[in-house]
Every structure is written in C-alpha cells, then in structure tokens.
Protein chains: 2
Amino acid sequence: MDKKVTIYDLAKELNVSPATISRALNDHPSISLNTKKRIVSYAQRSGYRINKFAANLSKQKSNTIGVIVPKLNSYFMSSVLSGIEKVANGHNYNLIISQSLESENKEKLNTQTLYDSGVDALMVSLAFGTENYDHFALFRDQKIPLLFFDRVCHLPNCPTITIDNRKAGADATEHLIQNGCKNILHVGGHLKRNVYTDRFTGFKDALNKYGLEYKPSNFIETNLDAAKIEEIIDHLINSKEKFDGIFFANDAMAVACMQSLLKKGYRIPEDIKIIGFNNNPISEIIQPNLSTINYPGYELGVLAGQSIISHLNGNINIESAESILLKHELIARASSSSTN
Amino acid sequence: MDKKVTIYDLAKELNVSPATISRALNDHPSISLNTKKRIVSYAQRSGYRINKFAANLSKQKSNTIGVIVPKLNSYFMSSVLSGIEKVANGHNYNLIISQSLESENKEKLNTQTLYDSGVDALMVSLAFGTENYDHFALFRDQKIPLLFFDRVCHLPNCPTITIDNRKAGADATEHLIQNGCKNILHVGGHLKRNVYTDRFTGFKDALNKYGLEYKPSNFIETNLDAAKIEEIIDHLINSKEKFDGIFFANDAMAVACMQSLLKKGYRIPEDIKIIGFNNNPISEIIQPNLSTINYPGYELGVLAGQSIISHLNGNINIESAESILLKHELIARASSSSTN
DNA sequence: ACATATTACGCAACCGATTGCGTAATTATA
DNA sequence: TATAATTACGCAATCGGTTGCGTAATATGT
C-alpha cells in the first residue's frame, strides 16, 4: 500500500497486458466477464487507484468544471454554488471554484488558470467591472463549453441563466406604486452588469407605465456595499426630493438602510416603503419584514449545472445556446404594505 | 490558434530541444538569458499554453488543494472558503471544493475522488455523522498533507484549526449566568463532532463553576436545522423546568427560536435570555440583537490556507502537526442583557 | 598555452494511462 | 468439415511535459 500501484503492476501480476487492465477497469465490452472480474477484484485487493493525471492526459478530458464567481461568501452565491456542486458531483464532475473578487484582472487570470488546468467547461458570473471579454476567447476557440449565470454577458453560443431582471425590477417598482408610492428611489448596482441595468430598466418601465416621471435623482448607482449605507441615507435626507419608497437591488443594502432609518426615527412602511431583492433570509428577520423578489439561487445552480452537463454529454448541440430564464416571485411583506 | 501548440512545436520552430523549451519556460538556471527570452517571446506569440495534464503527470503534483465541507451554503462556511480561496489563489493553487451534505458516505466518496484527482493536499470539515476515519488513510499513507478545520478529528500528524469551543461555550454560559440566569438550556449539535461536544462541555464547566446543577433536561441534541425549531419550543414550554436562559450552538437556531418566542408573547431578555454562536450577520438584525460568540470564519479560512501552503512548501515539517486555536470573542447584545 | 571550471544545451527515459489496429482462438454458419 | 464471423486480448504509438546525466563550447586560472 506504500508505493502506488499502476496498471503495469497489475498486468505483470495477472499475466495480461496493461491494455487489458485498462479496458477491464473501464468495463470495455471486448473483455470477457471472467477476466474483468479477476482484474477488478485484484485491483481492489492490491489497493490500485487510477492516476488521473495519466488518464486525463491521454483522454484530454478532466471531468472537472471550472467556476468563477465574484465572491464566494454571499448567501446568494453560496446557494448557487451548492446547487452546481450537487449536480456536478452527481455526474462525477469535480468543481474548481475561484473568486474574481470583483476584479476584472483577477477574473482574467482565473480564466487562464482554469483553461490551463484543462477544465471541461467553465461557468462564470462576471465581476462588477468586467468590460472586455477577450479572456474567454480561449474557450471559444477550443470549443470548451462556456456558460454565464446571474451576471452574464451574451457571447455567441454561450448559454446564460438568470431571472428576468427587467420584469422583476418592474414588479418590485409596481408593487411600491400600487401601495401608494409616488416618488421612488432606486438604489442599484454597477450598470455594467446586466442584472443591475435590467432591474433599473424595469424600474423605469414601471414608472412609465403608471405615468410617474423619472428623474436622475431617482437613481443611485452603488457597489452594493452595505457598509457604505450612510451615503445612501445622506442622499435620501439631503435630496430636495421627498422619497416615499425605495427599491434596493439587494436585500443586504435594504436591511442596512432600514436599520439606519429606524434608528433615525423613520417609520417603515408609514414614512417610507422599502423593497429589496433576492429574498435573503435576513428579509424575514428584520422588523418590519422586508418585501423582496425571490431569486432562487440553489435552483439556479442546479439548472446551470444540468445545462453544462448536458452540453458536455453532447445531449445538447453546442451551437444551440439556450438562454434560461428562471421564474422570480414578488414577496410582499410589511416593509412595503399600504398604510392608508 | 486552433490546434494546441506544444513544446515540440516550439522546439521544432526554434531549432532547440523540447527540454530546452521546458526549462526556459520554467526559468531554469541552466538556460541562457538570451534563449530564454527568445523562447518565452515566441511561446507567447504562438499562443502556447502549457498542458497541465502532462506536467502534472510527470511532476506528480497538481497545484490543487481539495476541500470537503458539510455544505457550501452557510454564512460561516462560505466565509471560510472565501478565506481559503484567497490564500490558495495567491499561491497559485486551485481549489476543488465538494460537499458531504452531512453524509459520511458522501464524504468518503469525495475523499476518494479527490485522492484520485491528485490533490496536493486535503482540507476537511467533517460531516455530522462521520464516525470512521479510515477513508483518510490513503492520504496518510501517501504523505499527502491533511488538515481539519472547524469540525475536526485528531489523527496523527494532521493539523487542526478551530476556536477553543470549550472555552467559548463556557464564556457564553457564564455570560448568561452573570446576567442572572439560574436554569439554562443548551441547544447543541450532534455530539459526535468536537465543536458541539466542546461547547457542551464548556456549558457544563460554567454551570459547575457557579454551583449550578446540571440535569439532562438542560441539554437537547439537535441537527441544528432551524426548520425544526418547534421541537425546541415544545421542549421549552412543556418541560417541568422553567428555563430562564438558552445557549444555542448556532445563531440561526437562536434567531428562529427568538422569532417564535416573540410571536408567542415572550419577552426577550426579560422572560428569557438568549445567546447564540458564530456571530452571523442576522444576530445584528434580529430585535433584540442577539448576543453571540464571534467565530471568525474568513480568518479561519486564511489561517487554514496558509497552514496547508506552508506544509506544501516544506516550510513546516509534516511531522510537526500543529493545532491552531483562533481567538473567539463574546459579543454581548440585548438578547441577554441583565434586566434587574 | 594548458588544465580545469563553468555554461548551455541535447538525449532519452519516464510519468501512467488510453486506444486503433491486428490476430490467435473460439464459435457459428453452410 | 471447411469457412466465415466473433470473441478476447496484445502491440505499440500516443498524450505533452520533466529531468538526470552527458558533453561540446566557452571561460577561468596559473
């Protein structure tokens, strides 16, 4: 058990060729049932373990999927990853996970590393600032499946998986309007990313639908860092505008804002109504409970995983890149309830 | 750019041997500066990319670290992973992450897969039910560094990284006692895992220190699934005991319990004082804010990453397995504050 | 100028599987 | 029974780097 056993060792011991060993262990049809049993059994007993380095080299395939996410440690993203891992693991794929930490450059480096590592596919949720997508060309050139989820971009033949952020943004905004808001602030994320521009567009859609005027002061672009909530509060308080509703692009910001406002004596929803995004568990803990849009991360991960696996299995034509839209759902809670 | 370029292609083109190409690209000292430049430059231009399958095979090293966690999608664990990834990435290591989903069997399978994948090291946080550690023998036999974090077991030469859970459990309990609690319930996790037995032991330490009697009814073993909070509530309400304090082994359970109790009309901390564990962000959102023990996940991840990297670099003797204890910290908030 | 060191590189074995092709042995067909 | 078809396996090339050892060319020392 000390030195590693190779198929050559097995071959010598059993008086067959290494080729036969290899075929037997891979259940190749041209090996008789008897020798298969003999070989598998002996391999077992001898403590043989395949050397994937060698197998990968000759097969040019690693059974590994690369994943790049902005950061691992967020409720949403870790749910997604959990879903992806569940599916991948069930299909004998390993996951190499790396974080871009919202840096375009790190995303680029990670992309190259994962390419070099020979991943069979790559799944990406883009960093805030990524503007150039050339680093993905390697994958396209080599026809390695490439899939984007949540923060996506549309490259030829690359499936994308998201919710309908525009519709969701409109739903959230419409909900505030229907509960009486006339002047709504939208606190969004970087407009380079589809998820935030779409929500923003949906926001304007809804205003428009209800004949409410959109002014630049109705929007703030942020990096969604809850630690900087005071900037938002300042904008809110110092603005000439009197906002009666806020639509946040994520729950963490919404909650941070609520806490600050409540401390300052604001009443929610009486003075101002608030809705978030993502349905993070904290939305059900904050008092009053936070209305939000349910964005099912785990399910998204599962779908993304299944999609990439079927591509890898050739079940789906690589050329036919589908765009999957998950269902979202408005969850109305106390933070936005009508008060008249 | 279509076919993959190999060192043999470069060698032919530049009229040198593949060996020289390899050495040049790896900055080997025995290659002259000039040829190095010539080779590196041409490799660049030709779109050469190393084939790690081949490199790994001949070096028997993958620059990859395997990680097995119970589940990815928890605040604590995703923080840990984020820290590990940060360090690993900074040292050119990739991370293969898999979840045991609290199943001993899946943990076993994942261990074998990661072994076969040729990870250079393995980091594990154990599943709830794991009782047998034989699946790690492969790693010990091959002298592949193996490290346990958070939910650890003590195998020879395996570093472990945790906080001092016993002391932390005692601190939490002592805090409740000092705030007037006389009859405290401890809601813990599976006693197979050190983190929960240690917290439980600390709990009893503290009772003992203050001359409070420990009775079996002062403890419930749970799987820490917040969805099953009603069982706890039942125990609490139906017990002959009149508990005036609860020490939860994690914040999620504590928060779920608080929500249920508040809904039932209990006053916290007046009727019952509560302390959690982990310092999950929700502890600062629930009203009243939840007292807890700060268990710094990200820092733990960073330390764990650094530890394994130094082992891999040979900076630390593999035989000298250290046990790292992180500092924890009691965070007193309103949920446990004295009311007399 | 001659002996010794050093530099810079090539040769070839090696890492451990996979797989197309060929063939001896066995079975089926006529 | 002669021939065709199967079955079961071996040969050897291949995947693409890495590295110990050997050596020609150049540099250093006296």
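Throughout, a chain's letter reflects where its sequence line sits, starting with A, and its residues are numbered from 1. Only this structure's heavy atoms are used, side chains among them; waters, hydrogens and symmetry mates stay out.
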Euclidean distance, atom [atom1] of residue [X] to atom [atom2] of [N] [Å, nearest integer]:
{"X": "N34(B)", "N": "dT7(C)", "atom1": "CG", "atom2": "C1'", "value": "13 Å"}
{"X": "H28(B)", "N": "dT19(D)", "atom1": "NE2", "atom2": "P", "value": "8 Å"}
{"X": "K12(B)", "N": "dG17(D)", "atom1": "NZ", "atom2": "P", "value": "13 Å"}
{"X": "I31(B)", "N": "dT6(C)", "atom1": "CD1", "atom2": "C1'", "value": "15 Å"}
{"X": "D27(A)", "N": "dA8(D)", "atom1": "CG", "atom2": "C1'", "value": "15 Å"}

Is there a side-chain hydrogen bond (donor to acceptor under 3.5 Å, both in side chains) between S17(A) and T20(A) once you walk through the steps? CA-CA 5 Å; S17(A) 75; T20(A) 300; 3.2 Å; yes
Classify S30(B) by what it touches in the nucleic acid, base, sugar-phosphate, or nothing, heavy-atom distance under 4.0 Å.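 The residue S30(B) makes base contact.
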Considering every strand and a 4.0 Å limit on heavy-atom distances, what is the contact class for N15(A): base, sugar-phosphate, or nothing?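 Touches sugar-phosphate only.
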Are Y115(B) and F139(B) an aromatic pair by the rule of ring centers under 6.0 Å?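 Ring centres of F139(B) and Y115(B) closer than 6.0 Å.
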May I ask you to check whether Y133(B) and F148(B) place their ring centres under 6.0 Å from each other?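 Ring centroids of F148(B) and Y133(B) are no less than 6.0 Å from each other.
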Report yes or no: is the cationic atom of R151(B) (NZ for Lys, CZ for Arg) under 6.0 Å from the centre of the six-membered ring of F128(B), at an angle within 45° of the ring normal?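 Yes - R151(B) lies over the ring of F128(B), closer than 6.0 Å to its centre and within 45° of its axis.
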Does K12(A) have more than 12 heavy atoms from other residues, nucleotides or ligands lying within 6.0 Å of its NZ?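 At most 12 heavy atoms, drawn from other residues, nucleotides or ligands, come within 6.0 Å of this atom.
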Counting neighbours of CG on N34(A) that are heavy atoms of other residues, nucleotides or ligands and sit closer than 6.0 Å, is the number greater than 12?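 Atom CG in N34(A) is not packed in, count stays at 12 or less.
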Heavy-atom contacts, protein to nucleotides 14-20 of chain C, under 4.0 Å, summarised as B (base), S (sugar-phosphate only) or - (none) per nt, yield -BBBBBB
